[in-house]
Amino acid sequence: MAYDLKQEEDVKEYIENLGIEYRFGCYKEKKPEVCHLLGDYLEAIKKDFDKASKVYKSNCLDYKFGKSCLKFGNYTLIGRGRDKGDASEALSYFEKGCDYNEPGACLHAGMLLTATGPGVNIKRDVPKGYNFLKKSCDQNDAMACHYLSGMYLTGVPKNVADYNPHNPEKNKNIEYLIKSDMKQAFNYAKKACELGNMYGCANVSMMYKKGDGVEKNPEESKRYFEIAQALQKAHETTKEIKFQQGLDDK
């Protein structure tokens, strides 16, 4: 049947049939990719976060679908579809998702394990978090590469309270879990940039300008600065497509 998506009634019928199609593909044909789409449908179209949460959780546990583990982990972290968030439980689902080779899940696991500050109730484990971040970056997650670059730019102190960003000399005498390494920082920033992370491009530009981790090169510094600007402009002007092929979830 052909739908005229300029007609309100056709749009409503199309959306309802889409839900039926996803339910059939998930529950009858048992396709994990379709189950994940059903979760997205319940989230974005129906705004039924409780049901979406159940679909994501089931698809993660029953079909080992990494993207659903990531989604359910995010729901658990912020308390969506439940009374309150639970960072420890969220971490367990991010770890599952990473085991199923979902780079976004690896990123979230790594960030939780290396994070500090108010509201973080997970025991900090930088070596374990680093491995999650590296796996994510190796699978071409731009943010993970950028995050790793930042770790090497400043180093990761064993005791965060000892680190003073305004006193570099004092910082030389504290104990680090990961020592500052400008060459590593440059390599990860460059990869982040190549994957489309504008902050990575900006850092590459600055490092070429200063000669940090790479030989000074004003021309390359300018080139990467222009790439960062172009990415920023694209980010500001591109409208986010929130569900499949442009369906508006307002």
Side-chain angles (χ1 to χ4, degrees), residues 1-112 132 135-136 139-144 195-196 234-250:
M1 176 182 177
Y3 293 97
D4 182 355
L5 296 182
K6 294 180 181 179
Q7 300 298 320
E8 184 177 355
E9 287 304 315
D10 277 17
V11 171
K12 287 180 180 178
E13 185 177 352
Y14 170 76
I15 289 173
E16 286 305 314
N17 286 338
L18 197 61
I20 294 169
E21 180 184 329
Y22 288 158
R23 286 182 177 90
F24 181 83
C26 178
Y27 298 130
K28 296 295 183 182
E29 297 181 324
K30 302 186 183 304
K31 295 179 179 178
E33 296 86 355
V34 181
C35 289
H36 188 80
L37 283 174
L38 175 59
D40 288 350
Y41 172 86
L42 292 167
E43 175 189 67
I45 301 299
K46 294 300 185 179
K47 305 295 184 185
D48 192 333
F49 301 124
D50 182 56
K51 287 184 180 178
S53 175
K54 289 180 171 66
V55 170
Y56 290 134
K57 182 178 181 179
S58 174
N59 205 35
C60 170
L61 297 177
D62 296 339
Y63 297 124
K64 298 178 171 55
F65 195 71
K67 280 186 169 60
S68 290
C69 300
L70 171 60
K71 267 287 193 175
F72 184 72
N74 284 334
Y75 269 48
T76 305
L77 184 64
I78 65 176
R80 176 172 280 183
R82 55 170 57 208
D83 293 332
K84 62 179 181 178
D86 186 332
S88 294
E89 185 182 354
L91 176 61
S92 71
Y93 280 91
F94 292 145
E95 289 177 336
K96 287 180 192 296
C98 188
D99 287 342
Y100 306 147
N101 295 314
E102 169 52 43
C106 300
L107 168 67
H108 283 63
M111 292 180 74
L112 275 180
F132 279 121
K135 182 175 180 179
S136 182
Q139 293 180 18
N140 296 328
D141 186 289
M143 182 55 71
L195 292 170
H235 177 75
E236 291 171 351
T237 57
T238 301
K239 293 182 179 179
E240 181 181 4
I241 298 177
K242 295 186 177 181
F243 182 76
Q244 242 192 1
Q245 297 177 349
L247 289 175
D248 197 340
D249 66 346
K250 288 182 180 177

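Nothing fancy with the numbering, it's 1 onward along the sequence. What you see below is based on every heavy atom in this structure, not just the backbone, and it leaves out hydrogens, waters and symmetry mates.
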Would you please indicate yes or no on a ring centroid separation below 6.0 angstrom for Tyr75 and Tyr56? yes
When every non-hydrogen atom of Ser68 is compared with those of Asn59, the smallest separation belongs to OG-ND2, 2.9 Å
Residues Glu43 and Arg80: closest non-hydrogen pair is OE2-NH1, 3.6 Å
d(Phe24 CZ, Leu38 CG) to nearest 0.5 Å is 13.5 Å
Please walk me through it: do Leu112 and Leu77 pass side-chain contact (heavy atoms from CB on, under 4.5 Å)? CA-CA 10 Å; Leu112 275 180; Leu77 184 64; 4.3 Å; yes
As an exercise, state the distance from CE of Met111 to CZ of Phe94, rounded to the nearest 0.5 Å. 10.0 Å
Are the side chain of Tyr41 and the backbone N or O of Ile15 linked by a donor-acceptor pair below 3.5 Å? yes
When every non-hydrogen atom of Ser136 is compared with those of Cys106, the smallest separation belongs to CB-CB, 3.6 Å
I'd like to know if Glu102 pairs up with Lys71 as an ion pair, taking the criterion as any Lys NZ or Arg NE/NH1/NH2 lying under 4.0 Å from an Asp or Glu carboxylate oxygen. no
Closest heavy-atom pair and its distance - His108, Leu70: ND1-CD1, 3.8 Å
Is it the case that atom NZ in Lys96 sees more than 12 heavy atoms from other parts of the structure closer than 6.0 Å? no
Within a strict 4.5 Å, meaning less than it, do heavy atoms of the Asn17 and Tyr22 side chains meet? no
Measure the shortest side-chain to side-chain distance between Lys57 and Tyr93 over non-hydrogen atoms and say whether it is less than 4.5 angstrom. yes
Can you measure from CG (Leu195) to CE (Met143) and round to the nearest 0.5 angstrom? 11.5 Å
For Cys98, is there any backbone N or O sitting under 3.5 Å from a side-chain donor or acceptor partner on Lys135? yes
Ignoring hydrogens and angles, tell me if any N or O in the side chain of His36 forms a donor-acceptor pair with the backbone of Pro32 under 3.5 Å. no
Looking at side-chain heavy atoms only, is the closest gap between Cys60 and Phe65 below 4.5 Å? no
OG of Ser53 to CZ of Phe72: how many Å apart, nearest 0.5 Å? 4.5 Å
I need the Leu42 CG to Asp48 CG distance, nearest 0.5 Å. 6.0 Å
Distance in Å, Glu21 CD paired with Leu37 CG, rounded so as to fall on 0.5 Å steps: 9.0 Å
If you measure from the Lys or Arg side-chain nitrogens to the Asp or Glu carboxylate oxygens, is any gap between Lys31 and Glu29 under 4.0 Å? yes
Please answer whether the main-chain N or O of Glu89 pairs with a side-chain N or O of Ser92 as donor and acceptor at a distance below 3.5 Å. yes
